[in-house]
Amino acid sequence: MNVLVIGNGGREHAIAWKLLQSKRVNKVFCVPGNGGTARLANCFNLAMSVTDFEGIARFAQVQGCPFVVVGPELPLAMGITNYLQERGVAVFGPTQAGAQLEASKAWAKTLMVEAGVPTAESATFERQDSQAAKDYVQRMGAPIVVKADGLAAGKGVTVAQTIEAAHAAIDEIAGGRFQDAGQTLVIEEFLTGQEVSVLALCDGKTVVPLLPAQDHKPIGEGDTGANTGGMGVYAPTPVLSTAGMEQVQTQILDRTLAALQERGIDYRGILYAGLMVSDSGEIKVLEFNCRFGDPETQAVLPLLETPLDTLLQACVDQTLAQQPPLEWNPGAAVCVVMASGGYPGDYEKGKAISGIAEAEEAGAIVFHAGTQLKQQQLLTSGGRVLGVTAVAENFPGAIAAAYAAVDKIEFENAYFRTDIGYRIR
């Protein structure tokens, strides 16, 4: 089979890489892909936009792709699944209605409350009611969390340590910084503990979790400084025990799927629960995403031994319940993100990258995020440039191997955290 993957990040490189390990997969096409997918054997980049639904549909039909895998949240929120399905193309990724789980935090909150899914206490306000939002903050106190309702490229959440900071965040959203994404804002209680990501396969009838992962979002050592898309990740995190995973299955995943079904939403894709696990073991949902996580995918998929194409096909065909239990490498995976200097603020592009072959020879898997291939020269083209992943028998081995590989890679002003996985060292 030939498979079409939509997106251009490290997540999509990891998906293409994993699909091509299957004996059933002949070629993978990426729209638009990146410098890493361009160099992957039997993987081909297509110079199309992720929002060119018509072009994507036509290509999938001509190639006879059994399904299309949608990586990013934006085309899902815009309804790419509905568009392709109407033209007879199967999609791994929820419909526009299902993508509301990520595209509208207020909608997701309402669903969780009605379904009895444990989550933070919250209140929702329209942009024009910013004074009412400030009054709510005044009553609740700080720290408190202020969120733009819609998709804001990971920048719409403020953890305010003071009431003044919360008011400033409300003013920022009300002032239009996030445009349509800030028409509504959600204010919720501040939860303490450790964040865990659980990505689960869903075929609309059954939901099956993958290994739990933990990523490091802040730019600075010791999880300090500005939030990013993720500076590194490891899996499986020991923070969630077997009992904890059973609780996630019954109280969160199963209840959420039932609530989607009650709304008539046929959800086939990844159901991604961002969780807070308190020191006492209490588990609550921070947010839902409607696609594979980035960089979580770069640590989880290298541990997966069940062919990925089989699982994605089962989700599309609604036969997930008939699949045998997932098979996993019993070891550990660690991914260290190498970013452009200045990220998540302003950064320069077009820096030459060297040392990837040496890193791969040392046993690492190097997933490309912000790279492009120009006249056979690999250049930086984004904030997060590479995800350097290592798999080993245990976490100390995986951490050491990942950093040994990072040390072999060079580009001007490269930045990476040196403490990924510090909680488990």
Side-chain angles (χ1 to χ4, degrees), residues 51 72-82 94-191 195 217 226-227 229 252 255-256 259-260 262-265 267 271-276 284-291 344:
T51 57
E73 62 275 17
L74 181 62
L76 291 168
M78 291 175 64
I80 188 172
T81 298
N82 306 62
T95 59
Q96 191 169 27
Q100 287 180 100
L101 268 182
E102 180 166 0
S104 173
K105 294 178 178 66
W107 188 88
K109 274 288 181 186
T110 300
L111 180 141
M112 283 188 266
V113 171
E114 290 178 4
V117 172
T119 186
E121 291 290 322
S122 71
T124 299
F125 302 89
E126 295 305 306
R127 177 188 284 169
Q128 59 269 30
D129 297 332
S130 60
Q131 188 55 52
K134 290 180 179 178
D135 292 344
Y136 178 80
V137 167
Q138 201 76 40
R139 287 198 306 276
M140 301 305 291
I144 198 162
V145 182
V146 180
K147 298 180 175 181
D149 175 61
L151 298 178
K155 298 180 174 69
V157 178
T158 300
V159 179
Q161 297 298 329
T162 64
I163 288 172
E164 292 74 21
H167 285 183
I170 292 167
D171 286 338
E172 192 174 45
I173 295 171
R177 180 188 169 192
F178 302 111
Q179 300 174 333
D180 290 348
Q183 292 285 2
T184 303
L185 56 149
V186 177
I187 301 176
E188 61 183 35
E189 71 171 313
F190 174 72
L191 299 177
E195 287 190 43
K217 284 195 171 63
N227 261 357
I252 295 170
R255 289 179 186 177
T256 300
L260 290 167
E262 283 172 16
R263 285 163 170 74
I265 295 171
Y267 194 103
L271 185 59
Y272 165 166
L275 310 172
M276 183 67 81
K284 289 186 177 181
V285 177
L286 291 170
E287 63 181 10
F288 279 114
N289 292 326
C290 62
R291 37 70 191 182

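Computation of the quantities below employed the complete heavy-atom set of this structure, encompassing side-chain atoms and omitting hydrogens, waters and symmetry-equivalent molecules. All of these numbers come straight from a predicted model, not from anything done at the bench.
Between the side chain of E189 and the main chain of E121, a donor-acceptor pair closer than 3.5 Å is present. Under a 3.5 Å cut-off, the side chain of N289 and the backbone N or O of L271 do not form any donor-acceptor pair. Between the side chain of K109 and the backbone N or O of A120 there is at least one donor-acceptor pair closer than 3.5 Å. S130 places no side-chain N or O within donor-acceptor distance of the main-chain N or O of D171, the cut-off being under 3.5 Å. Proximity of a side-chain donor or acceptor of T256 to a complementary backbone N or O of I252 within less than 3.5 Å is detected. Without hydrogens or angle criteria, Q100 side chain to A97 main chain gives a donor-acceptor distance under 3.5 Å. Put simply, the side chain of R127 gets close to the backbone of G182: a donor and an acceptor are under 3.5 Å apart. Panel note: side chain E188, backbone V145; no donor-acceptor pair is recorded below 3.5 Å. Remark: the backbone N or O of P72 is not paired with any side-chain donor or acceptor of R291 at under 3.5 angstrom.
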Practice task
Begin with the C-alpha distance, continue with both residues' side-chain angles, and end with the deciding distance and a verdict on ring-ring contact (aromatic ring centres under 6.0 Å, His included) for F125 and Y136.
Solution key: CA-CA 10 Å; F125 302 89; Y136 178 80; 5.6 Å; yes
Practice task
Go through the steps to decide whether I163 and Q138 satisfy the test side-chain contact (heavy atoms from CB on, under 4.5 Å), and finish with yes or no.
Solution key: CA-CA 7 Å; I163 288 172; Q138 201 76 40; 3.8 Å; yes
Practice task
For the pair T162 and H167, evaluate side-chain contact (heavy atoms from CB on, under 4.5 Å) and give the outcome as yes or no after the intermediate values.
Solution key: CA-CA 9 Å; T162 64; H167 285 183; over 6 Å; no
Exercise for the section: With side-chain hydrogen bond (donor to acceptor under 3.5 Å, both in side chains) as the test, would you mind laying out the steps for N82 and T95 before giving the verdict? Expected result: CA-CA 6 Å; N82 306 62; T95 59; 4.8 Å; no
Practice task
Could you give me the CA-CA distance, side-chain angles and deciding distance for L260 and L111, then say whether side-chain contact (heavy atoms from CB on, under 4.5 Å) is met?
Solution key: CA-CA 8 Å; L260 290 167; L111 180 141; 3.9 Å; yes
Problem - Test log, rule side-chain contact (heavy atoms from CB on, under 4.5 Å), inputs E287 and V285 - result: CA-CA 6 Å; E287 63 181 10; V285 177; 5.5 Å; no
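The minimum heavy-atom distance linking A106 with T124 is given by the pair CB-CG2, 3.8 Å. Counting all heavy atoms, side chain and backbone alike, L191 lies closest to M276 at O-CE, 3.5 Å. Contact between A148 and I173 at its shortest, heavy atoms only, is N-CD1, 3.7 Å. When all heavy atoms are compared, the tightest approach of A115 to A259 is CB-CB, 3.7 Å. Taking both residues in full, the closest heavy atoms of Q96 and A77 are given as NE2-O, 3.0 Å, listed atom of the first, atom of the second, then distance. Shown here for A226 and P344, the closest heavy-atom pair between the two residues is CB-CG, 4.0 Å.
By the neighbour-count criterion of 12 heavy atoms within 6.0 Å, atom CG of D180 is sparsely surrounded, having that number or fewer from other residues, nucleotides or ligands. In Q179, the CD atom is not crowded: 12 or fewer heavy atoms of neighbouring residues, nucleotides or ligands sit closer than 6.0 Å.
Between L101 and Y267, some side-chain heavy-atom pair lies under the 4.5 Å cut-off.
Here the CE atom belonging to M112 is positioned 10.5 Å from the NZ atom belonging to K105, to the nearest 0.5 angstrom. Summarising the geometry, atom CZ belonging to F178 is positioned 5.0 Å from atom CD belonging to E172; distances are rounded to the nearest 0.5 Å. To the nearest 0.5 Å, atom CD1 of residue I170 and atom OG1 of residue T158 are 9.5 Å apart. From L76, atom CG reaches atom SG of C290 across 5.0 Å, with rounding to the nearest 0.5 Å. Atom CD of E195 and atom CG of L286 lie 5.0 Å apart (nearest 0.5 Å).
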